[in-house]
Amino acid sequence: MAIRENDLFVAVGDQIRVLNLTEMKDTWMNASRDATERYVELTDSWIHSVPYKVLDTPEINFQIVSIEPNSNGRLLSVVGYTRLVIICLPRQGFSDVSLSRKKVDCRTLSIGVKYYDTSKTEILKVQWHPLSETRTHIVVLGNDNILRMFDISKDIEEAEQSFDLSPIEQPKKKTHQGGFSLDDDDDSGEEDAVTFSLGGTSQDESGWEPFTVFYALRNGHMYSLCPVIPYKSIVRRNHLESLSCLSRVKSEQAKKSNKPLSHLFRLHNDWIHYLFESAKIGQNNLDHDALTVTSSDNHIPYPVHRQGPFLINHTSPFANGVEVTDILYIHVDIINVLSLALNNGTVQNYIIGSEIDPQWQLPVKDIKFMWEKEVAFLLSDSDFLPRASLYETIQLNPGHLPPFQRVTLLNDPLYNDTYYAYHAGGVHAVSTNKWIQKLVQLGKQVEGGKTSNEVGRGISDWLNQKTTSEVRLLVNTSPFQNGFVPIVGLVLITDIYLSYSLITLTSDYRLVTRDLSMRREITASSEVQKAIKEQLKSVADTNENVYQPLLSLPAFQVPKQLDTLPKQAKIVVPTNMGGSKEIVITDESLSFFLKTSETFKQETHELNKAAIVIDKRLTMQQKEFERQVSTLRDLYDRLEKIKSVGTEDEQEKKVKALHQTHAKLRLRIDEQLHKLMKSYQPDLSNEEKEWIAKLEELSKHVGGDSGYVSRIEQLKTQYEQLSSKKDKVLKAKGSNINPTQLQNVLRTLNEQKSSLSDLEKRFENLRTKLPSVA
């Protein structure tokens with residue numbers, strides 16, 4: 001079973017039927033309306049009026065095991081035990097097909113006929129690659145241990161890329177090819193690859209995981225291949241840039257301590273650089289941050305090295321026929337998880353503890369460069385094996401189901417931390433949100449620079465709490481011990497009109513639906529936090545005019561009873577026990593009814609408690625709403641009163657009167673200041689007048705035409721003239737004076753010079769003081 005937008009595909013034998021769910025809901029709504037208007041009970045007869053289509057595909061003459069549409073809904077993969085066929089679906093959808101036509105002709109493409117058209121090779125799993133630019137790359141795993149990637153837009157016979165996952169036939173030691181094996185003498189198929197999971201789409205904050213393929217062996221060993229991408233892929237620009245920067249930094253740091261490791265990081269950078277050189281902005285994508293990159297066999301001239309097995313914190317091997325049936329990669333923020341499903345009805349959640357990065361299988365013989373051999377031996381060391389920690393084991397088998405059954409995992413399209421497991425006993429929902437979010441917070445503390453002691457305490461508390469995943473049984477197909485109905489298909493609907501729901505298909509072709517609840521993401525915005533702070537401030541405010549809200553703090557939280565996962569499973573009674581057969585009362589049936597009724601009673605009680613809490617909150621919010629409306633009404637009335645015409649005229653008159661009053665007051669203030677000046681600063685007295693007259697006379701004596709200043713200037717001029725004449729006389733009569741006389745004259749002149757310098761300074765001081773006195 002598969003879904004494409006509103007079209008539901010169901011495989012019945014070798015036939016594929018299509019039902020438009022929108023038309024089905026419209027028909028149900030019309031039938032419900034008619035039944036309500038006629039006051040009769042709605043029967044199931046309306047469902048027979050809903051038409052469905054049949055895909056006319058003569059080449060599909062085998063038992064269909066699984067179907068899956070590609071990302072754009074134009075191609076549908078149809079998988080048999082040994083066949084793989086691609087159906088080209090109508091682009092306009094099936095709603096435009098005439099109602100009179102029940103069969104719809106579709107083109108089919110047989111993929112890898114020479115590999116999968118024989119009874120020898122069995123197809124184990126098929127998945128469309130999310131990075132494909134053309135949406136036509138499909139990854140296929142067969143029981144021949146070959147993982148093949150086909151680009152059906154170019155070639156349907158030969159794979160674009162192939163990866164051999166078979167056991168390495170070498171002794172139990174470090175191999176010369178850089179591989180690592182635990183059991184090479186295994187002939188029972190325990191080392192065969194049985195399932196795989198792709199690393200998801202490219203995001204800005206992603207690491208190397210979108211370029212990785214995770215796969216598991218039958219015995220539970222997990223491996224990874226990196227890098228593996230289609231030759232034409234869509235990658236986020238920021239994703240590649242962050243990986244490029246990280247690779248360059250690691251390469252520079254490793255040059256100082258580990259030369260071979262620096263060469264490996266250089267290969268990382270070369271691989272990314274090759275993608276950047278081939279990058280083009282996606283023409284078919286409105287997102288300009290998405291790049292279309294191309295690669296080839298010559299991208300890096302070495303085959304991809306398989307990394308593993310993952311080193312985990314327990315070494316107990318599977319026994320008594322326990323095998324792996326499916327693997328699912330989960331990425332939540334910075335946390336990477338691998339979920340492993342086993343055929344005994346258990347699911348194991350592993351936390352990936354090491355970074356997954358590209359590794360290639362480098363040669364050790366006939367090498368061109370010595371560093372190739374060094375890197376090969378470096379990667380063969382067990383220290384470079386990826387690591388994972390077993391966090392929890394979930395038991396899905398209630399005990400009365402067959403000891404071995406296939407468990408299939410499917411991730412939720414809306415929430416990355418939730419996945420679904422369907423098997424012979426029904427459908428379980430597994431939510432890892434509680435413990436993963438705590439681990440995400442610890443990881444962000446490390447990135448934020450918290451000290452190792454604080455982070456260590458946080459990790460210790462997280463380990464001591466040991467919060468487990470929430471597991472809920474959504475569909476129960478084994479209510480009794482002597483019967484069960486296996487689930488063979490499951491799809492999730494996220495359409496607004498059709499709601500968020502789940503549809504399962506049982507082995508006897510019964511569709512079972514289950515409504516799911518959307519998760520309410522509570523994020524305290526800055527506005528909410530600011531409002532809470534203002535409300536807390538109002539608690540200590542004694543001003544009666546300040547508005548005091550009635551709502552309590554902290555902010556209201558949804559009661560825990562109303563979580564997103566249903567508590568009561570929908571029961572599917574096996575065909576051999578249901579229908580028109582007489583009900584046989586046994587201890588088992590009585591116990592079942594007692595347990596079911598008790599569960600309903602407890603859930604009803606819990607819901608009643610939640611309803612009481614919500615009712616109190618709604619009552620309080622209603623009162624607060626009425627108070628706010630009343631307060632706003634008062635404010636509105638006051639505002640209207642202020643804005644009325646008569647009020648505006650009156651206010652204008654008041655403003656004019658205030659302006660005139662203010663002008664009068666300003667004049668009075670100026671008059672008072674004038675009076676004060678006269679009171680505290682009267683006319684000059686006679687003594688002051690005489691003193692001023694004397695100062696003026698002194699100023700004339702000092703600064704007048706015949707004053708001291710002019711006289712000093714004349715003396716200075718005469719002094720300069722005399723000095724020049726003296727120099728000339730000395731020069732003229734220098735030959736008639738002996739040295740002793742010259743020394744006496746020089747000493748006398750120096751003394752006179754110092755006296756003249758003092759006199760000059762006194763003149764200068766007197767000249768600077770005279771203007772200020774004047």
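Just so it is clear, the structure is predicted and the values come from calculations on it, not from any experiment. Note that these values count all heavy atoms, side chains included, but never hydrogens, waters or copies made by symmetry.
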Novice: Classify the ring geometry between Phe214 and Phe310 as parallel (under 30°), tilted (30 to 60°) or perpendicular (over 60°).
Specialist: tilted

Novice: Can you tell me which residue among Leu21, Ile503, Asp495, Val10 is in a side chain to side chain contact (heavy atoms under 4.5 Å, CB included) with Ile3?
Specialist: Leu21

Novice: For Tyr215, is the NZ or CZ atom of Lys125 found under 6.0 angstrom from the centre of its six-membered ring and inside 45 degrees of the ring axis?
Specialist: no

Novice: What is the distance from atom CG of Leu340 to atom CD1 of Ile327, rounded to the nearest 0.5 Å?
Specialist: 5.5 Å

Novice: For the residue pair Ser431 / Asn433, report whether a side-chain donor-acceptor contact shorter than 3.5 Å exists.
Specialist: no

Novice: Do you see a donor-acceptor pair shorter than 3.5 Å between the side chains of Thr325 and Glu323?
Specialist: no

Novice: Which heavy-atom pair separates Val324 from Ala216 by the least distance, and what is that distance?
Specialist: CG1-CB, 4.0 Å

Novice: Hey, are the side chains of Leu490 and Leu505 touching, using non-hydrogen atoms and a 4.5 Å cut-off?
Specialist: no

Novice: Test ring-ring contact (aromatic ring centres under 6.0 Å, His included) on Phe211 and His239 and set out the steps.
Specialist: CA-CA 11 Å; Phe211 308 144; His239 182 196; 5.1 Å; yes

Novice: Side-chain contact test, heavy atoms from C-beta onward, threshold under 4.5 Å: evaluate it for Thr418 versus Val430 and give yes or no.
Specialist: no

Novice: Mark yes when over 12 heavy atoms from residues, nucleotides or ligands other than Asn464 sit less than 6.0 Å from its CG; otherwise mark no.
Specialist: yes

Novice: Any idea how Trp462 and Trp435 line up, ring-wise: parallel (<30°), tilted (30 to 60°), or perpendicular (>60°)?
Specialist: tilted

Novice: Can a side-chain donor-acceptor contact be found between Asn72 and Asn70 if the only test is distance below 3.5 angstrom?
Specialist: yes

Novice: What pairs of residues pass the salt bridge (charged side-chain N to carboxylate O under 4.0 Å, His left out) test when at least one of them lies in residues 405-425, not counting sequence neighbours?
Specialist: Asp417-Arg519

Novice: Under a plain distance cut-off of 3.5 Å, with no hydrogens placed, do Glu191 and Asn219 share a side-chain donor-acceptor pair?
Specialist: yes

Novice: Cation-pi check, Arg83 to Phe62: give yes when NZ or CZ is under 6.0 Å from the six-membered ring centre and within 45° of the ring axis, no otherwise.
Specialist: no

Novice: Would you call Arg218-Glu190 a salt bridge at under 4.0 Å N-O?
Specialist: no

Novice: Does Gln348 have any side chain to side chain donor-acceptor pair (under 3.5 Å) partners at least two apart in sequence or in another chain, and if so, which?
Specialist: Tyr350

Novice: Is it the case that the side chains of Asn336 and Glu209 hold a donor-acceptor pair, with the cut-off being a distance below 3.5 Å and no angle test?
Specialist: yes

Novice: Would you indicate whether the side-chain heavy atoms of Leu165 and Ile146 approach each other to under 4.5 Å?
Specialist: no

Novice: In the structure I gave you, are the side-chain heavy atoms of Val471 and Glu392 within less than 4.5 Å of one another anywhere?
Specialist: no

Novice: Looking at Phe9, is Arg4 sitting on its ring face, NZ or CZ under 6.0 Å from the six-membered ring centre and within 45 degrees of the normal?
Specialist: no

Novice: Quiz question: by atom type and distance under 3.5 Å, do the side chains of Asn20 and Asn6 form a donor-acceptor pair?
Specialist: no

Novice: Can you give me the closest heavy-atom contact between His221 and Pro309, atom names plus distance?
Specialist: CB-CB, 3.9 Å

Novice: Determine the minimum heavy-atom distance between Ser339 and Val347, stating which atoms define it.
Specialist: CB-CG1, 4.4 Å

Novice: With sequence neighbours excluded, what pairs up with Arg17 under the salt bridge (Lys or Arg N to Asp or Glu O under 4.0 Å) test?
Specialist: none

Novice: Assess whether salt bridge (charged side-chain N to carboxylate O under 4.0 Å, His left out) is satisfied between Glu603 and Lys601, documenting all intermediate values.
Specialist: CA-CA 5 Å; Glu603 290 187 3; Lys601 182 179 178 181; over 6 Å; no

Novice: Any chance the side chains of Ser501 and Asp515 put a donor and an acceptor closer than 3.5 Å?
Specialist: no

Novice: Compare every heavy atom of Val485 with every heavy atom of Thr477, then report the nearest pair and how far apart it is.
Specialist: OG1-O, 2.8 Å

Novice: Flag yes if more than 12 heavy atoms outside Glu5 fall under 6.0 Å of its CD atom; otherwise flag no.
Specialist: no

Novice: Whether the Asp151 and Thr136 side chains hold a donor-acceptor pair (N or O, under 3.5 Å, no angle test) is what I'd like checked.
Specialist: yes

